[in-house]
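Order of the sequence lines fixes the chain letters, A, B, ..., with proteins taken first and strands second; residue numbering starts at 1 for each chain. In this text, all values refer to a predicted model and were calculated from it rather than measured experimentally. Every heavy atom of this structure was used, including side-chain atoms; hydrogens, water molecules and symmetry mates were not.
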2 protein chains.
Amino acid sequence: MVRSNPLMIWWALSGTGTRQVSKTETATARPLTSRQLAALIGVSQSAISRAFTPGSSISSDLRSKILMAARDYGYRPNAIASMLTTRRTNIVGVVVSDMQNPFYPALLAQLTQGLQAAGLQSLFFNISPGASIEDQLHAIRTYNVDAVVIISATVLNERMLTWATEGRRSILLNRLGHEDITTVCCDNTLGFRSLVDHLFETGRRRIGYVAGFTTSGVGLVRYSAFTTRLAELGMRLVGTSTRQAYTHEAGRLSTLDLIPLEPDAIVYASDILALGGIETIRMAGRAKDIAVTGFDDIPMASWPGYSLTTYRQPVREIVDRTVELLLATDIGPPQRHTLQGELMIRATTDPAGWADVPPSA
Amino acid sequence: MVRSNPLMIWWALSGTGTRQVSKTETATARPLTSRQLAALIGVSQSAISRAFTPGSSISSDLRSKILMAARDYGYRPNAIASMLTTRRTNIVGVVVSDMQNPFYPALLAQLTQGLQAAGLQSLFFNISPGASIEDQLHAIRTYNVDAVVIISATVLNERMLTWATEGRRSILLNRLGHEDITTVCCDNTLGFRSLVDHLFETGRRRIGYVAGFTTSGVGLVRYSAFTTRLAELGMRLVGTSTRQAYTHEAGRLSTLDLIPLEPDAIVYASDILALGGIETIRMAGRAKDIAVTGFDDIPMASWPGYSLTTYRQPVREIVDRTVELLLATDIGPPQRHTLQGELMIRATTDPAGWADVPPSA
DNA sequence: ATGAAAGCGCTAACAT
DNA sequence: ATGTTAGCGCTTTCAT
């Protein structure tokens, strides 16, 4: 398929000599090249290159001489040119599809900072379900990104996943069920078991469940960890509901389904669902007898007005492990990295109910 | 400064013939080059280039022949190589510093999608105040990004701003007070005037104000629009407070300062502050007599549990204008684009009070 | 309209 | 340890 490039016309025009150079478009002199710098200080061009390449054989005298000159003359190596020869870009493609969920901005922010600290740049791909995914991801290939990190891109089917990742180091975050790509994921099983344990210990026995996507790997794992532990402890599953989304509204609506079933606790597949649930439960005046748990520990979970008991996803650790894997010398076969989070006990599982958390005080 | 390249070793290995090919590391044959494709179908290499360059002089016969062959053989032009000759990257550097505020993820998501739809890639820079900003932004220069979009990067001082934007098309979003860079910004003045008008019409007269940053351009404009309109309408400013942050907690705490001053409405510089304020006001049992307004219209503002009256920032329009400016043929001198938002009237300014919004029902 | 040839600014053999 | 040379895969004159 031919992809026409929308900027092309602009380029074409800006390439001609006829346009006026406007004030902002400072008739920027081309940046100094290594050859020019070499001429200026009377060394070979390759010396310049070596000076900027750690571990290359160059005397520290020459190197510091060159680096100082570079600073004085304002020389910086042109990354594009070196990409061409080395076939390395130091760019990681970061693919996201769902920024609605407040969990992702935090993950994304830390990920880019982590990559940045490791000298990697993030080329950002935000998949909108509207257009062709292949079109949206074409830059992964034409720009030759070194690696791809896919953040829970449930919109990518198996085929697109393969297309996007093939031939490059790839890591799937928060997505399960792919044998041939390395994944880094929170320990969902442990998380949901902990939550159920906590509910058990605080005396809850009739549990409802609100799912997000019931078809995704993570969704399935969470649900099955939940039900398994429930059964082990002899607790009762009074009902489940889903709107096939991880949104506040989905949480609100699903909770409406469950309240008539008289649960004494509702477990939500994620925090944002739980926040919606809290609203419904409050409206129904049931905050005193229905406990609520979430998953993720997004910032809002700890707002006094919610004080949601949840399981914290180890974002820091996920990011660190991801960067580590990206930088690793030897990659080996695809691996499954499962990182432990932490149970955050707050008001919504208080045995006495949480009707007295601020908003209703 | 020498930047060591973390992915180097891996690539070095994958380049030699000695490494073991692991399962993931599909012994990827180098992608086809234009020269190779040319040889395959018996045309010149430049013909290939022309086929992919709209507006170049090539017969449509030859072009379609080449494009079909490209599809069959899986040829894609190497963007890196063309960057080197054209000195254009089609990459926009997107600089963010504050992803805490839930307003930015939405803006960011739409911006990348907008850029993507225009054939531009987003290289993401998330500034953490810890490290050297210059270090964090060095890729803007070495990667030769075509343009820079800076999203309310209050952490960038004037000098860094100049350094990051010089020599390239640059746009500042949501930041004011810079004569020499084009800005695209919501009409803060109109917004705050509308909010005050609305409070006036609904009978409020004793107004408190909670600011975010009091030193930023946007912060000043918002406050001054607010006070100006207040004075015009003869309303009373009972007090102001700030914690120098746009966070839920800052909103909560600042509101504690204002309640003793007996306002009948509090105007918040942003939604996230207002949400914190709502919490404090509820705790104080004053929801029936203190109206609340925000600014931004983040998703949470419309949650039934908040139902916050606010002024919607025209995110769609801001993004569209930004992309338009980035693609424009002729750029001219720095401009100030001010886009109108929309007053969103919800429960928190109901004359009867909002004590009955769901959480306290 | 097409082909040939000369770079773009760097890295990486290959010499010395 | 340093310099010389040959590309990386394109775009772009310049011929024809």
(Q) Assess, by modelled atom type and distance only, whether the side chains of Thr142(A) and Arg76(B) contain a donor and an acceptor separated by less than 3.5 Å. (A) no
(Q) List the residues meeting salt bridge (charged side-chain N to carboxylate O under 4.0 Å, His left out) with Arg316(B), not counting sequence neighbours, and say none if there are none. (A) Asp320(B)
Q) Hey, what bend do you get for the helix from dA1(C)-dT16(D) to dT16(C)-dA1(D) if you fit axes on five pairs at each end, rounded to 10°? A) 30°
Q: Among Leu108(B), Val92(B), Thr112(B), find the one that has a side-chain contact (heavy atoms from CB on, under 4.5 Å) with Phe124(B).
A: Leu108(B)
Q.
For Tyr75(A), give me all partners under ring-ring contact (aromatic ring centres under 6.0 Å, His included), at least two apart in sequence or on another chain.
A. Phe52(A)
Q) How about His138(A) and Arg141(A): does a side-chain donor come under 3.5 Å of a side-chain acceptor? A) no
Q: Check Arg168(B) against Val145(B) and note the closest heavy-atom contact, atom names and distance.
A: NE-O, 2.9 Å
Q: Using ring-ring contact (aromatic ring centres under 6.0 Å, His included) as the criterion, list what pairs up with Tyr104(B), not counting sequence neighbours.
A: none
Q) How is Ile80(A) classified with respect to the nucleic acid when contacts are heavy atoms under 4.0 Å: base, sugar-phosphate, or nothing? A) nothing
(Q) Pairing donors with acceptors under 3.5 angstrom, does anything connect the side chains of Thr89(B) and Asp146(B)? (A) yes
Q: Report yes or no: do Gln121(B) and Gln116(B) form a side-chain donor-acceptor pair below 3.5 Å?
A: no
Q. Between which nucleotides of DNA chain C, read 5' to 3', does contact with chain B run, using atoms under 4.0 Å from its heavy atoms?
A. dA1(C) to dG9(C)
**Q.** Where protein sits on nucleotides 6-16 of chain D, one letter per nucleotide: B base, S sugar-phosphate only, - none, heavy atoms under 4.0 Å
**A.** -BBBBBBB---
Q) Is it the case that Gln45(B) and Ser34(B) place a side-chain donor and acceptor less than 3.5 Å from each other? A) yes
